[in-house]
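Remember, it's 1-based here, ligands and their atoms both numbered in the order they're listed.
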Amino acid sequence: MSQYETPLFTGLVQHAKSNPIQFHIPGHKKGAGMDPEFRNFIGENALSIDLINIAPLDDLHSPKGMIKEAQKLAAEAFGADHTFFSVQGTSGAIMTMIMSVCGPGDKIIVPRNVHKSVMSAIVFSGATPIFIHPEIDPNLGISHGITIESVEKALEIHPDAKGLLVINPTYFGITADLKKIVEIAHSYEVPVLVDEAHGVHIHFHEGLPYSAMEAGADMAATSVHKLGGSLTQSSVLNVREGLVSPQRVQSIISMLTTTSTSYLLLASLDAARKRLATEGRDLIGAAITLAETIRQEVNEIPHLLCPGKEILESDAVFDYDPTKLIISVKDLGINGYEAEKWLRNEYQIEVELSDLYNILCIVTPGDTEVEAAILIEALKKLSEQFGKADDEANHHHVILPDIPLLAMSPRDAFYSETEIIPLNESAGRISAEFIMVYPPGIPIFIPGEIITEENLLYIRKNIEVGLPVQGLEDETLKTIRVIKEFEAIR
Ligand SMILES: Cc1ncc(COP(=O)(O)O)c(C=O)c1O
């Protein structure tokens, strides 16, 4: 089969065209049985392929037909031995990677700035995390990748680890020397699992960092929906044979996946793969050029900084993805969230994320010079409005959360006897909950960690400016569940 073919998407369309009489779910029966307003909005075409795993349409849980063919083409396109489609987002693919290699008590080496799905999988599997400090960028107030030295050290101390997880690229588009990391991990026969949520496109353009499969990694959870053109929630899990068993991966992903898999999501993966494989290089090349133009223009605006190649000087930055525009607004004397709100209110611009110091804008083949020009105009206005004289007062001091000590395994903490106490009085206690700012969804505390005053301050600062702090059972963020302490009986 050629990369120009879409066996799953084409198969579904042909099935719909044959106009079958459907006595099966979904009960909306091509839209006829649903709310007409919604039906008209979504459109008949989409509803005609919102189908289910009847025999002619294959089954994601045991693919033998059109899904198998589509996954095979995807594997070929990504340079993997096997590709598994995920309708549970990259979160589902990440949980599958970890649970495929780790059981209760097994060690897994992970950077601390991982997405919450990694921590969830650690709780579910009962694995023990061995944390590596990510490199912190003190100017931008963001964390980067991990260094070769820290990987070497972690593996020297824990050669029995069952896996090493690497975020490549980070949300901000930074990559580590993944080839070298893979080489080191493989010398210990430790498989490398890559969170490639923000890097589906890098495989398809030689001007971008190495993809996980190019670097020789064993598994990669890759968000096709984020930057590859498929529908939200659809991702792939790429697997290289050798240190991991594809059969095990198939059974774990199946355990974590709904039996009612969305064929709209699956078909969109098939179509996105075709476009990436056949036109991706040109489309991504154009996005890189557009992003570089925007970067240059942003850097001409007073008080704003959009880092480019110079970011490569840091130890943990081996390469970067120029389509990610990290725009530092801290010299304007405002925080990233204020800039985000201002852009929304004044220009109807929605950014990808903001934090205390930056906004992040992503450029994809879906953008043109029209949107780029509006962004530049808006940023010029933002700078005029907030940028006072370049005095000291405008230079915010960057604060970042510390990495707390882990007092017990996340799973033990999650299932321990707990009590609820005021968040403000929780320093020194062991957290039984996750707390994070989403996006990016990197936990500030995970179950089992000792709560520190510094991190409570960081949380308060985020709440104060209105950033989306979440994860606690108490949505008002006033209380936290901690491990219960028992006084001696007198
Ligand atoms: C680094 C990272 N990994 C994993 C994920 C999870 O991806 P998904 O939303 O597709 O489940 C995200 C989502 O934002 C992420 O930023």
Side-chain polar contacts of residues 127-137 - donor-acceptor pairs under 3.5 angstrom, sequence neighbours left out - could you list them?
residue: Asp137; atom: OD1; partner: Asn139; partner atom: N; Å: 3.0
residue: Asp137; atom: OD1; partner: Leu140; partner atom: N; Å: 3.1
residue: Asp137; atom: OD2; partner: His144; partner atom: NE2; Å: 3.0

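Within ligand 1, the atoms closer than 4.0 Å to a non-hydrogen atom of Gly89 are 10 (O), 11 (O), numbered from 1 in the order shown. Ligand 1 places these atoms under 4.0 Å from at least one heavy atom of Ala197: 2 (C), 3 (N), 4 (C), 5 (C), 15 (C). Applying the 4.0 Å criterion to heavy atoms of His198 picks out, from ligand 1, the atoms 1 (C), 2 (C), 15 (C), 16 (O).
Proximity of the aromatic rings of Phe124 and Phe414 is defined here by a centroid distance below 6.0 angstrom, and this criterion is not met.
Under 4.0 Å from ligand 1, heavy atoms of Thr90 appear from its side chain as well as its backbone. Neither the backbone nor the side chain of Thr170 comes within 4.0 Å of ligand 1, counting heavy atoms alone. Contact annotation: for Gln233 versus ligand 1, there are no heavy atoms closer than 4.0 Å. For Ser91, heavy-atom contacts with ligand 1 shorter than 4.0 Å involve the backbone as well as the side chain.
Ring orientation note: the planes of Phe318 and Tyr210 are close to parallel, at an angle under 30° on the 30°/60° scale.
Residue contacts with ligand 1: Gln88 is placed with no nitrogen or oxygen under 3.5 Å of a nitrogen or oxygen of the ligand (distance criterion only). Between Tyr171 and ligand 1, not a single N/O pair is under 3.5 Å apart.
For the side chain to side chain contact (heavy atoms under 4.5 Å, CB included) test, residues two or more places apart in sequence or in another chain that qualify with Leu243 are His186, Glu189, Pro191, Asp218.
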(message) I'd like to know whether Glu352 forms a salt bridge (charged side-chain N to carboxylate O under 4.0 Å, His left out) with Lys324, so could you lay out the CA-CA distance, the side-chain angles of the two residues, the decisive distance to 0.1 Å, and finally the verdict.
(response) CA-CA 10 Å; Glu352 169 62 21; Lys324 302 282 169 61; over 6 Å; no
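When all heavy atoms of Ile444 and Pro401 are compared, the closest pair comes out as CG2-CB, 4.1 Å.
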